[in-house]
K.L.:
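Let me begin by handing over the structure; questions about it come next.
Side-chain atoms are counted along with the backbone in the values below, which use heavy atoms only and exclude waters and symmetry mates.
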There are 4 protein chains.
Amino acid sequence: MARPAVSRARGTAAAARRETAPARAAAKDPGAASGRDDRRKQILKAAVKVFAEKGYHGCRISDVAEEAGVAYGLVYHYYGNKDGLLASVFDTNWAFFAKAVDEIAESGATMRDKLSHIVELAFQAFEMAPLVVKVLVLEFGRNARLGEALDNPQVARVFKSITRIFEDGKKTRELYEGIDPSAMSILFIGALETAFVSFVLTNQGTRSKVQSAVTLDTMKKTLIAMLHRGALGGGHAHGL
Amino acid sequence: MARPAVSRARGTAAAARRETAPARAAAKDPGAASGRDDRRKQILKAAVKVFAEKGYHGCRISDVAEEAGVAYGLVYHYYGNKDGLLASVFDTNWAFFAKAVDEIAESGATMRDKLSHIVELAFQAFEMAPLVVKVLVLEFGRNARLGEALDNPQVARVFKSITRIFEDGKKTRELYEGIDPSAMSILFIGALETAFVSFVLTNQGTRSKVQSAVTLDTMKKTLIAMLHRGALGGGHAHGL
Amino acid sequence: MARPAVSRARGTAAAARRETAPARAAAKDPGAASGRDDRRKQILKAAVKVFAEKGYHGCRISDVAEEAGVAYGLVYHYYGNKDGLLASVFDTNWAFFAKAVDEIAESGATMRDKLSHIVELAFQAFEMAPLVVKVLVLEFGRNARLGEALDNPQVARVFKSITRIFEDGKKTRELYEGIDPSAMSILFIGALETAFVSFVLTNQGTRSKVQSAVTLDTMKKTLIAMLHRGALGGGHAHGL
Amino acid sequence: MARPAVSRARGTAAAARRETAPARAAAKDPGAASGRDDRRKQILKAAVKVFAEKGYHGCRISDVAEEAGVAYGLVYHYYGNKDGLLASVFDTNWAFFAKAVDEIAESGATMRDKLSHIVELAFQAFEMAPLVVKVLVLEFGRNARLGEALDNPQVARVFKSITRIFEDGKKTRELYEGIDPSAMSILFIGALETAFVSFVLTNQGTRSKVQSAVTLDTMKKTLIAMLHRGALGGGHAHGL
DNA sequence: AATGAATGAGATTTCATTCAT
DNA sequence: GATGAATGAAATCTCATTCAT
């Protein structure tokens with residue numbers, strides 16, 4: 001799996017050996033999570049929190065370890081290095097979303113419903129775990145060093161699934177012909193993402209002078225409306 | 001003016017003294033840039049390039065200085081510290097866009113035309129100076145430490161102008177009632193931004209496995225079409 | 001405990017985190033110093049030497065580390081920063097003197113004997129560890145940024161103890177009425193201190209053109225004599 | 001004249017050319033201080049203030065220049081470098097005291113009166129220009145790199161004059177025999193100095209927890225009393 | 001598995017000093 | 001004389017990473 005290389009390589013050549021040691025943990029004591037797994041998850045959870053609060057570049061591995069209540073050496077034991085940790089945070093949390101999107105894409109629903117589903121799914125995820133979304137969006141999704149992010153198969157997969165939804169929509173003539181499926185998938189994801197970013201940045205970042213007035217629900221409804229109708233057009237929406 | 005605090009706070013006194021020294025330049029030899037100004041601009045230009053290529057966190061001040069052909073001390077002389085440099089890069093370049101958006105917002109054009117103008121403007125800017133856009137979007141616009149970005153009056157101003165366009169649109173019934181102006185301005189900017197990010201990340205970031213097929217023009221057309229008509233709707237766009 | 005702020009404030013967060021990490025050492029293997037403690041002490045000892053030789057401002061942390069035979073990072077690991085190191089040097093070494101002075105002050109001896117004891121103690125300490133005294137006196141005791149030095153509880157404690165000795169002396173009529181206990185404690189400590197400074201500066205600082213002729217013993221005797229009799233007065237000391 | 005070498009040599013070899021340029025200024029427009037002299041004095045005065053407030057190591061040349069209202073280049077023009085500036089501060093201000101002490105030493109007064117005069121002189125100087133005294137005492141008088149301070153002929157001269165006072169006192173049997181003149185001169189100066197330091201550090205350095213109660217006058221009286229009678233001895237001062 | 005002492009590359013930043021104007 | 005732009009040596013400090021226990 002592709003891994004980001006966010007941090008300036010420090011120390012020696014260590015990035016190479018990422019996530020070596022207990023990569024095969026998990027598959028041992030099925031059912032009752034083995035204590036080892038607990039620790040792993042603890043660290044991952046702490047990483048989400050710390051990354052969300054301080055940013056990837058603004059925190060130390062030891063901050064994460066402290067939050068998790070473990071020694072920082074253990075983070076290396078499990079995740080190899082800081083990049084590996086971010087990658088694992090991403091992989092673990094994104095997988096859920098990617099899978100759900102896949103299923104929606106493959107369902108027999110109409111394009112409209114598929115898109116609505118995805119929007120619902122995303123907003124639901126955001127409401128349930130805003131910190132996770134924040135990290136996914138801000139720390140992983142956007143990073144100059146992260147052209148590689150798009151190389152991540154899981155990310156590519158979601159893009160492809162959504163592109164396919166639009167392509168299918170074109171075949172069924174649900175999608176307006178002026179719309180390019182690939183471009184549209186980018187815009188769609190971008191609008192979605194920005195919606196979250198605006199919340200994450202305005203509401204969690206203490207004070208907000210801009211659109212704090214907009215509720216999550218308003219945002220969702222506006223997004224769906226825009227997809228369906230476009231933003232313009234009074235009584236009749238046949239413009240341009 | 002609000003200033004970003006990207007890097008881990010590293011001495012507070014420093015930030016206070018930012019850009020103190022030759023702040024009174026520029027007003028001297030109108031037309032031919034006075035030598036001092038040359039250097040300032042040189043550095044700013046170099047900063048854009050280096051930030052774009054390596055990212056704010058991935059470069060050293062000395063990289064910028066080298067690119068500009070000056071001693072790194074001069075960067076501190078003029079911009080106080082790394083944050084100050086980024087802030088100046090932002091202020092300088094964003095001002096242009098902010099002003100243009102303001103003018104568009106205040107023009108007597110229809111909402112549709114205003115939005116099209118802005119889209120055109122943005123894509124034009126991107127074509128003319130993709131590096132600048134990249135830095136504005138990636139390094140400044142998105143940063144965990146940057147809830148403050150939205151506190152930046154210039155950023156807020158653009159948000160407000162665009163929100164006003166939508167609000168005016170509502171009055172003239174150009175805007176579909178299901179659309180909230182504030183939310184819409186976020187989605188609009190977000191979609192725009194993501195369009196650029198996708199280019200910046202896929203095309204400049206060496207290889208691209210995803211949507212390299214989408215041209216800038218396709219993206220622009222799709223965005224405008226979506227605004228006008230929505231993404232859905234076959235022959236007739238009265239859905240939902 | 002009050003800590004000195006000798007160096008230009010250079011990041012405030014740093015100071016806060018001072019000496020956090022292995023603060024809980026020492027209480028483990030009584031008798032044989034546990035390995036960790038060894039390193040700490042090694043560094044402290046090296047710091048005394050280097051501070052004494054080059055002065056606080058004239059040396060680098062890496063000089064201390066080199067002298068101690070450790071990586072400079074370890075100095076930060078243990079002492080947080082340069083100020084923290086100086087503070088620890090002070091605390092560690094001054095504690096001994098402070099305690100001894102306290103005991104003398106609380107002994108039932110006459111004022112004369114108490115003062116003589118303290119003088120003896122100080123000169124003894126100087127003979128045993130001139131470098132330590134040099135650092136305490138020159139680097140910590142005198143520093144423009146160090147009005148805070150007097151806020152240091154340990155320093156204040158010594159002043160108080162000595163003041164008390166003089167106050168008690170007043171009650172027992174051992175102290176001449178014209179003498180103010182507080183003022184006298186300052187003069188007493190000052191004379192003592194200067195005696196050391198004169199040695200430290202003239203004898204260790206390479207050449208000396210001034211009073212290199214004065215021996216430590218002469219100095220001590222003169223000080224005690226002055227305390228007892230005053231400097232003036234021929235056969236009978238009832239002057240002024 | 002000996003010059004201190006306080007600051008770690010930075011830049012290239014510049015210290016060598018100290019105070020070259022306008023060393024011969026002053027002697028040009030007798031009577032009305034030439035504008036040039038004004039500037040020199042302005043800088044010197046500013047240096048005293050800034051050194052006193054921030055300490056030699058804690059201030060920048062530009063701080064002094066700013067305080068003086070001149071460009072920092074001018075400080076170099078007049079004083080060569082930072083060390084040269086400190087040296088000039090010292091030379092200029094110490095000269096007054098040195099001369100006065102000389103005159104007292106050469107007067108035909110009794111030892112007792114000479115010493116009282118010097119004490120009066122010192123306290124007077126302190127009351128008139130505490131900042132100057134602070135700098136002389138803290139920044140110049142005590143500095144690990146400044147064993148050389150005692151090499152300063154002006155400093156040595158004062159020590160010698162005072163030592164001579166005590167020596168003369170011995171001849172006239174005014175000085176108790178147990179007292180060594182050289183040692184006594186050190187203790188005398190040290191007590192005096194510390195008296196000032198205690199004021200400078202406790203009163204100007206904001207709050208004071210120690211002997212803020214002691215007034216300058218009490219200090220002076222105590223010092224004189226101690227010299228005359230010693231600190232000890234109730235009714236009769238023939239002890240030891 | 002777990003810990004945290006130890007390391008040191010490397011980045012930021014400061015500021016004395018030079019020098020062209 | 002004056003100025004302050006320009007330089008860059010050097011110092012502090014951070015923190016990812018290694019590794020012995």
K.L.:
Which nucleotide in the set dT3(F), dA2(E), dT13(E) lies at the smallest distance from any side-chain heavy atom of Y76(B)?
P.N.:
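Given the options dT3(F), dA2(E), dT13(E), the side chain of Y76(B) is closest to dT13(E).
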K.L.:
What distance do F51(D) atom CZ and K82(D) atom NZ have between them, rounded to the nearest 0.5 Å?
P.N.:
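F51(D) atom CZ to K82(D) atom NZ measures 6.5 Å (nearest 0.5 Å).
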K.L.:
Side chains of V64(D) and V70(D): closer than 4.5 Å at any heavy-atom pair?
P.N.:
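Side chain of V64(D) against side chain of V70(D), heavy atoms only: no contact under 4.5 Å found.
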K.L.:
Take atom NE2 of H77(C) and atom P of dT18(F), then tell me their distance rounded to the nearest Å.
P.N.:
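In whole Å, dT18(F) P lies 17 Å from H77(C) NE2.
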K.L.:
The side chain of A71(C) is closest to which nucleotide in this list: dT17(F), dC13(F), dT7(E)?
P.N.:
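Out of dT17(F), dC13(F), dT7(E), the nucleotide with an atom closest to A71(C)'s side chain is dT7(E).
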K.L.:
Looking at Y72(A) and dA5(E), is any side-chain donor or acceptor paired with a base atom of the opposite kind under 3.5 Å?
P.N.:
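For Y72(A), whose side chain was compared with the base of dA5(E), there is a donor-acceptor pair (under 3.5 Å).
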K.L.:
Which part of the nucleic acid does I61(A) contact within heavy-atom distance under 4.0 Å: base, sugar-phosphate only, or nothing?
P.N.:
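Sugar-phosphate: the residue I61(A), judged by heavy atoms under 4.0 Å, touches backbone atoms but no base.
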K.L.:
For V70(D) and S62(A), take the nucleotide of DNA chain F holding the closest heavy atom to each; which residue's nucleotide lies nearer the 5' end?
P.N.:
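Result of the comparison: V70(D).
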K.L.:
Identify whether the distance between the nearest side-chain nitrogen and carboxylate oxygen of R60(C) and D63(C) falls below 4.0 Å.
P.N.:
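Counted as a salt bridge, because a side-chain N and a carboxylate O are separated by less than 4.0 Å.
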K.L.:
Enumerate, in order of first residue number, the stems that involve DNA chain F, defined as 3 or more consecutive Watson-Crick or G-U wobble pairs with both distances under 3.5 Å.
P.N.:
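DNA chain F forms these stems: E:2-21 with F:2-21.
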K.L.:
Starting the side chain at C-beta, find the nucleotide from dT17(E), dA6(F), dT3(E) nearest to N81(D).
P.N.:
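Ranking dT17(E), dA6(F), dT3(E) by closest atom to the N81(D) side chain puts dT17(E) first.
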K.L.:
Figure out the CZ/P separation between R60(C) and dT14(E), and round it to whole Å.
P.N.:
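About 20 Å, once rounded to whole Å.
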K.L.:
Does the side chain of V75(D) reach to within under 4.5 Å of the side chain of N81(D), using non-hydrogen atoms?
P.N.:
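When only atoms from C-beta onward are counted, N81(D) and V75(D) do not touch, as no gap falls below 4.5 Å.
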